[in-house]
Amino acid sequence: MKKEYFTPILLILVSYGIYILYAPFWMSIIVASLLAISTHHIQMGFFQLTNSRFWASTLSTILLGILFFAPLGYFLVHLSAMLQNIDPTMMSTIETKLRGWIAHLPPALSDIERKVEASLVKFDPTAFSQHIIAYASQIGSFAMSFLSGTLFTLIFYFIAHYYGRDIFEFFKRSAHFPQQESTLIIFEMRSAMSVVFYSILATAVFEGALFGIAIGYMGYNGLLFGIMYGFASLIPVVGGVIMWLPFALFELSLGHTENALFITLYTIIVISVIADTFVKPVIIKLINQRLIKPQDKINELIIFFAIIAGLGTFGFWGMIIGPAITVLFMTLMKITEAQSE
């Protein structure tokens, strides 16, 4: 074997060993690295305040845990407990109310009436409740797994902030990556991922707070359902519907027509139309103007479809991974175009 082949072959074998060794943690490492890139502005703000990279990384990690992971863990644990205590008679009451409601639909909606009636014929309240309880136990086990995974994500997030620059410089020197291209890639990734992260955070907090206030006024756990709506709002098009529609149907089954009408109109008009269509873009624009100054903004429609594709392919964390892959691809295309010229 020639000497010049020995090191590359050995490097490939060792790299495969590293991949196998850290296989259980790759998702946490990737997510933590992307979150660190997204929150670079926050880390730099803490660095200017403390003049210490260690404390800046520590405070950034604590803040991420409080704002992002703590609400999600609270939501999963309480949702599991709530579903395990569901009452089968409540399902029967909802079914009876729905049958009475569709019986008074106008003739113009007869097609909808037939479809709903056909679905209710197959509906078994007891079996449905048992399925929900079974799903609740699965959600509970997932919550425990998620919380343990969260710990590793936060650890890798701290490492990415504290040692990220040194690690990046090491790989850049080892791979002999050109300075200009590497700077362009990290700049584009940081700018686009910041837009995605702050947009997600603004959407979840703002719309979740609006929904939680309304639900709390009706006597429910406003914090829990506000968090649920915040994460549900991240699902394009149908995110809000999967939250307010069950509430409206439940209130309707209890005979509280005013509450059902209130939550329906409030969510559609105040959250979906006013907040989501008019207020949220203004908030995101202000965030971008104050914290993010990209030279070339990526089309918002591309980011939108990247989030959808990411959610479908990678699950929850796809909202971060999808845009990252898309931005990296577009940046590499820019570099290729510049080199060809």
TODO: Can you measure from OG1 (Thr264) to CG (Leu245) and round to the nearest 0.5 angstrom?
DONE: 7.5 Å
Using a 3.5 Å cut-off and no angle test, enumerate the donor-acceptor pairs between side-chain atoms of residues 9-33 and protein atoms at least two apart in sequence or in another chain.
{"residue": "Ser15", "atom": "OG", "partner": "Leu11", "partner atom": "O", "Å": "2.6"}
{"residue": "Trp26", "atom": "NE1", "partner": "Tyr19", "partner atom": "O", "Å": "3.1"}
{"residue": "Ser33", "atom": "OG", "partner": "Ile29", "partner atom": "O", "Å": "2.7"}

Check: residues 302-310 side-chain donor-acceptor pairs under 3.5 Å, at least two apart:
none

Open item on the list: Taking Tyr220 as the starting point, is it possible to reach Phe211 by hopping between hydrophobic residues whose side chains are less than 4.5 Å apart?
Closed with: yes
Task: Taking every non-hydrogen atom, the tightest pair across Gly318 and Pro323 - done: O-CD, 3.7 Å
Open item on the list: With a 4.5 Å cut-off on side-chain heavy-atom distances among I, L, V, M, F, W and Y, is there a chain of contacts connecting Phe206 to Ile213?
Closed with: no
Task: Distance in Å, Asn259 CG paired with Tyr217 OH, rounded so as to fall on 0.5 Å steps - done: 8.5 Å
Task: Within-4.5 Å side-chain heavy-atom neighbours: Thr326 and Phe329 - done: no
TODO: Would you give the length of the straight line joining atom CG of Leu59 to atom NE2 of His161, rounded to the nearest 0.5 angstrom?
DONE: 11.0 Å
- [ ] Return the minimal non-hydrogen interatomic distance between Glu251 and Ala260, and the atom names on each side.
- [x] CB-N, 3.9 Å
TODO: Report yes or no: do Ile167 and Tyr162 belong to one cluster of Ile/Leu/Val/Met/Phe/Trp/Tyr joined by side chain heavy-atom distances under 4.5 Å?
DONE: yes
Open item on the list: If you take the centroid of each ring, where Trp contributes its six-membered ring, are Phe225 and Phe247 closer together than 6.0 Å?
Closed with: yes
TODO: Please report the closest heavy-atom contact between Ile321 and Leu34, naming both atoms and the distance.
DONE: CA-CD1, 3.9 Å
Task: Polar side-chain atom of Thr267 near backbone of Trp244 as donor-acceptor pair, under 3.5 Å - done: no
Open item on the list: On a heavy-atom basis, which atom in Thr39 and which in Leu35 lie closest, and how many Å separate them?
Closed with: OG1-O, 2.8 Å
Open item on the list: Is there a path of hydrophobic side-chain contacts, each under 4.5 Å between heavy atoms of I/L/V/M/F/W/Y residues, joining Met44 to Phe54?
Closed with: no
Task: Heavy-atom side-chain proximity of Leu63 to Phe46 below 4.5 angstrom - done: yes
Task: Contact check, side chains of Ile271 and Tyr229, non-hydrogen atoms, under 4.5 Å - done: yes
TODO: Write down the atom of Ser57, the atom of Gln43, and the distance for their closest heavy-atom approach.
DONE: OG-NE2, 3.5 Å
Open item on the list: With heavy-atom distances below 4.5 Å as the criterion, would you say the side chains of Ile62 and Phe158 are in contact?
Closed with: no
Open item on the list: Nearest 0.5 Å, please: how far is OG in Ser60 from NE2 in His41?
Closed with: 12.5 Å
Open item on the list: Return the OG1 to CD1 distance between Thr61 and Ile66, rounded to the nearest 0.5 Å.
Closed with: 11.0 Å
Task: Exercise: identify the closest heavy-atom pair between Leu210 and Ala275 - done: CD1-CB, 3.6 Å
Open item on the list: Exactly one of Leu261, Ile263, Ile268 should register a side chain to side chain contact (heavy atoms under 4.5 Å, CB included) with Leu265. Which one does?
Closed with: Leu261
Task: Single-linkage hydrophobic cluster, 4.5 Å side-chain cutoff, Phe262 and Ile274 together - done: yes
Task: Listed once per pair and sorted, the salt bridge (charged side-chain N to carboxylate O under 4.0 Å, His left out) pairs that draw on residues 148-167, sequence neighbours left out - done: Arg53-Asp166
